[in-house]
Asker: 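The structure is given below, and queries will be raised subsequently.
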Amino acid sequence: MIIEQADVIVTSPNRNFVTLRLVTDEGHVGIGDATLNGRELAVVAYLRDHVVPLLIGRDAHRIEDTWQFLYRSAYWRRGPVTMAAVAAVDMALWDIKGKEAGLPVYQLLGGASRTGLLAYGHASGKTNDELFDSVREHLEQGYRAIRIQAAVPGLKSIYGIASNATYEANKGERYDHEPAQRGGLPNEEDWDTRSYLRHIPTVFEAVRNEFGPELPLLHDGHHRMTPIQAAQLGKSLEPYDLFWLEDCTPAENQEALRLVRQHTTTPLAIGEIFNTVWDYQQIVREQLIDYVRSAVTHTGGITHLKKVLDYASQYQIKSGMHGPTDISPVGMAAAMHLGLSIHNFGIQEYMQHGAKTDAVFEQSYTWKDGLLHPGDKPGLGVELNVDEAGRYPYQRAYLPYNRLADGTVHDW
Ligand code: GCO
Ligand code: MG
């Protein structure tokens, strides 16, 4: 089965998405997600200019060989652009293999290890009342685990706070629940770690008082603390029994987590900006984390992320795959097939895409009683409606960035 055609499709229904579409001589179509939020066109160029010519004429069955060929023959390895491009090829080839076999991808990965995937949603608020409304709305929608982000007194705008606390207030337009701004230049936000460290434990105390001890609660530190500050936060959140504290320190410094770990039993999740198993080598071996946050889309596809998660499983470390709206429905489906099949699944982030995105990417995955399932259509189970995609041309979009009160740029 030979790859005859490869196209890179950029579309911006509720936000920008990059999709690789492969067609074989037998007429099978496979799609893969290559979206890198805020740097989308770099991946488009990598795919169009460098990868597509290598794909035409290749045997679509040879997934592992194609992965190794793209990774090693480039000579320049790793990095988010390269690994998102490789991921898209990998996903599209799994999609094709499933369609050829007449099986959903999770069956090819060993079959289901569970009936559905526990998913968490994003609650946030500028005040505790707003936050409670947002939590309640998530519970009503069926979420059984919820991420809590709260504004910090004295700071104008910070990561993770939706402009409207509830989906209802956004009238189904979910773009505002993610921070990328379309057009213009990046928004500047402000940050003060000491205020944050003082405030966040009070928020968790209030949420536990309001919603009780059962509900799994998560929190994202979004790379903004030093190791000792992260240790302090982990310790002060212990009474509120978090499911995880995410990205408590900037991810490049793997050793930072050793210090955090020495001080707190709050479970740690890291890795949404990692892209290979090498980024996890030390933190897995030393058991410095509890959850792997990588997305299929940013970590070389199903083939490579499965290797990361198999490695992690030796240390009882579980998956917590990245699933904000900047992962396309194709990347989300790939995560669900992988999550359903592996033994060490932990939780899946699931924010829900907007209506326009759902019309471009026709999905067969389901979300019922708080559990996701990839569905049983052959392949990944997501089809790209090319005509609908064509209605939404690319729009430049940037993520915001942070400055401290004295003007210093800080991690966002
Ligand atoms: C998360 C993430 C996202 C990222 C976003 C950047 O935990 O879901 O931190 O919200 O900020 O993916 O593009
Ligand atoms: Mg995160």
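Just so you know, these numbers come straight off a predicted model, no measurement behind them.
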Asker: Got a salt bridge between Arg261 and Asp290, using NZ or NE/NH1/NH2 to carboxylate O under 4.0 Å?
Answerer: yes
Asker: Enumerate the residue pairs fulfilling salt bridge (Lys or Arg N to Asp or Glu O under 4.0 Å) with a member in residues 299-315, sequence neighbours excluded, ordered by first and then second residue.
Answerer: Glu64-Lys307, Lys306-Asp310
Asker: Using atom types as modelled and distance alone, determine if a side-chain donor or acceptor of His337 lies under 3.5 Å from a backbone N or O of Leu380.
Answerer: yes
Asker: Using the rule side-chain contact (heavy atoms from CB on, under 4.5 Å), only one of Asp326, Thr357, Ile9, Val10 pairs with Phe17; which is it?
Answerer: Thr357
Asker: Hey, does the side chain of His122 reach the backbone of Ile161 with a donor-acceptor pair shorter than 3.5 angstrom?
Answerer: no
Asker: Checking His222 side chain against Trp412 main chain: does a donor-acceptor pair fall under 3.5 Å?
Answerer: yes
Asker: Please name the residue in the list Trp244, Tyr240, Phe204 that meets the ring-ring contact (aromatic ring centres under 6.0 Å, His included) test with His219.
Answerer: Phe204
Asker: Taking side-chain contact (heavy atoms from CB on, under 4.5 Å) as the criterion, tell me which of Ile302, Leu305, Thr299 meets it with Asp90.
Answerer: Ile302
Asker: Just jot down the salt bridge (charged side-chain N to carboxylate O under 4.0 Å, His left out) partners of Glu255, sequence neighbours excluded, or say none.
Answerer: none
Asker: Under a 3.5 Å distance rule, please check whether Ser294 uses its side chain to pair with a backbone N or O of Gly271 as donor and acceptor.
Answerer: yes
Asker: Looking only at atom types and distance, does a side-chain atom of Arg224 sit under 3.5 Å from a main-chain N or O of His410, one as donor and one as acceptor?
Answerer: no
Asker: Write down the atom of Tyr196, the atom of Pro201, and the distance for their closest heavy-atom approach.
Answerer: O-CD, 4.4 Å
Asker: Does Leu371 offer a backbone N or O that forms a donor-acceptor pair with the side chain of Asp369 under 3.5 Å?
Answerer: no
Asker: Is Glu388 salt-bridged to Arg391, going by a charged N under 4.0 Å from an acidic O?
Answerer: yes
Asker: Please find the pair of heavy atoms, one from Gly323 and one from Ile327, that lie closest to each other, and give the distance.
Answerer: CA-CG1, 4.2 Å
Asker: Between the side chain of Asp33 and the main-chain N/O of Val330, is any donor-acceptor distance below 3.5 Å?
Answerer: no
